[in-house]
Amino acid sequence: MNQSQNGAEAPYIRIANISRQYGQVRALHDLSIDIDKHEFIAILGPSGSGKSTLLRLIAGLDRPTAGRIFFDGVDVTDLPPHKRGIGMVFQEFLLFPHRTVRENLAFPLRMTNQPPQMILERLDWAEAILSLNGLMDRYPNQLSGGQQQRVALGRGLVTHPTLLLLDEPLANLDRELRNEMEVEIRRYQKQLGIPFVYVTHNQEEALSMSDRVAVINGGKLEALGERQLIYDHPPTPFVARFVGKSTRFDGAFDAASKKVDLQRYNYSFPYEEVAERKGNARVEVFVKNERFELLPSRSGSAGIPCTVADVVLRGPFVEYILETEADERIIAVQPKREEPLALGTKLSLSWNPSQCHVFPAGR
Amino acid sequence: MSEAENRLNRRLFLHIPTVFLVIFFVLPLIALVVLSFWQTENYKIVREWTAMNYVTLATEPAYFIFFIRSLFMAIFVSVFSVVVSWPIAFFIVRHGGRYKLILSLLLAVPFLSGEVLRLIALQGMLGPTGLVNGVLLKLGAAPLRFIMYSNSATFIALVYLYLPMVVTTVYLSLLNFDFRLASAASACGANRFRIFSEIVWPLNLSGTIVGFLLCFIPTLSAALAPRFLGGPNGVLYGMSIAQQFGESGTWALGAAMGVVLFLFSMLVLGVFSLGIDLRRTGFTGMGRQ
């Protein structure tokens, strides 16, 4: 086991104060993440947030302007990709079009000079684990999207790398296949016991597969934590907006009554503390769409009055598209009941104050 | 689209080019073949069927020497051009930035003048009192004899004439190449040399072959460059054909030489096109947005 200077156990992968600047553009700014040996970590961010840059830096396809990267205690910052012992899966698969599946899978093994016996063993292993039977002698253009994806994964995994980097590998697949592959990819990770770093802009993918989620925005680390924690307790307004599906309300915090009043609705709820501001402060309120409580409208009820404008069935869930008096549309997700609410039903919308997230506005 | 409209389109796009090709490409070729089986005597065509021209070509060693000389010249010029083109095209594609188009168009600048003009300019450069040797003489050094009216001079001229073709073809091939495949190979553990030999080169081989042929075929039949720069031992096959049709007036023999050249070129094209499989070049593969 490697020990860092202060004697504490060094993390398997350490990304320390990484910055990357392209001319005037700051793609990444002073970003640090430690990754454990058996961890599946998702790097989540909107496009242009710097998440792909981060992946390229870890892979060695690009060099940071500042900061260091350590693999298992070794500084790899200045090593080229082929000396880092990584595997990588790309969004567009990037299989070699002039090579068969077998040759594509053998490529990383040949490049790292493995003995022929080992190459054959690993090819069999990849064929079995990724169910590529009967496809080994086909060319990439003779494969479906899902098959290409599996070959791309296999090519990343055959060398049993130090870690596997995945750059939005499911973005080009259709929805059903994507859900299937999410389960598969997570299974491979648990089986192999190597860290997976999974870059995506899709929060569902991030939440469904990873152990921890790192949210990146504007080249900076917004949040890093257990996926459940990131989902339930977003530390910043950006995370609240980006992770999960939420509705945002403008409001004001009344320090005297310890209540938050919504600006556009006659609705208020008790709230303990909003940051450090004193007096009445403007706040942003985020409520996850599945945490709305819908009650039949009665005169004198405390909620936001609204009308069911549309109903979208999503298997076990129902999305109610609600229209408020302020002409806003709010989506409320509810478990499917026998009889979904009819269009035009008048409802009263509210939520449990401990289930919403309040941030000082205008930061 | 209506059936009638469809038929009209077919006529426009298929029939008209076909007619054009038959009139301006196939018919002259047939005329050449027919002529090669006739004879010329005293600057007159004798319409008697005979294979004498081909017998002459097979038995007279001079023509064989011209042909072999042309063949080696074409191979050297094409191989040299390919070797030089790669770094040039690679540089333009990878580092040309927004000047890519202009840089590649600059390659075509010599085409703005005529071929004869360019050869005369080269004559001025390479000749005994030309720029190169003139400067050397002024400096008191010995002039470079090998570039004065020799096969070397022809070589330099042919490279000068056809290099832009090869660079442009390799450039277009590399422009279509998805360099993220190189990143993928790099992430797979390939070093620079293996990225090139296993990925970049094979995936651009088709384009390179096309570039090679675009240089090889016209070089094989080159007539003007050896005439201006080749000197006494520099007669090439194409130049000899030109002479049959010009000074010597032996048109039928010239036609037979042309037919041989045509068949040989077709053979070369056929052999090389076996190496071209566009489905495996990445043009139709996944990975291009």
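Reminder, nothing fancy here: chain letters follow the sequence lines and each chain counts from 1.
Within residues 185-193 of chain B, the residues approaching chain A closer than 4.5 Å by heavy atoms are, in numerical order, B:A185, B:S186, B:A187, B:C188, B:G189, B:A190, B:N191. Residues of residues 37-65 of chain A having a heavy atom under 4.5 Å from any heavy atom of chain B, listed by number: A:R56, A:L61. Contacts from residues 176-196 of chain A to chain B, taken as heavy-atom pairs separated by less than 4.5 Å, involve no residues at all.
Scanning both residues, B:E198 and A:H98, for their nearest heavy atoms gives O-NE2, 2.8 Å. A:F96 approaches B:L181 most closely through the heavy-atom pair CE2-O, 3.6 Å.
Interface residue A:N113: only side-chain heavy atoms are found under 4.5 Å from chain B.
Counting non-hydrogen atoms of neighbouring residues, nucleotides and ligands closer than 6.0 angstrom, the CZ atom of B:F64 reaches no more than 12 such neighbours. The number of heavy atoms from other shown groups lying within 6.0 Å of CZ (B:F76) does not exceed 12. Within 6.0 Å of CE in B:M239 there are more than 12 heavy atoms belonging to other residues, nucleotides or ligands. No more than 12 heavy atoms of other residues, nucleotides or ligands lie within 6.0 Å of OH in B:Y99, so this atom counts as exposed by the packing criterion.
Here the CZ atom belonging to B:R194 is positioned 7.5 Å from the CZ atom belonging to A:F107, to the nearest 0.5 angstrom. Taking CD1 of B:I195 as the start and NE2 of A:H82 as the end, the distance is 8.0 Å to the nearest 0.5 Å.
When the side chain to side chain contact (heavy atoms under 4.5 Å, CB included) test is applied to B:F66, the partners found at least two apart in sequence or on another chain are B:A62, B:Y63, B:R69, B:V235, B:Y237, B:S240.
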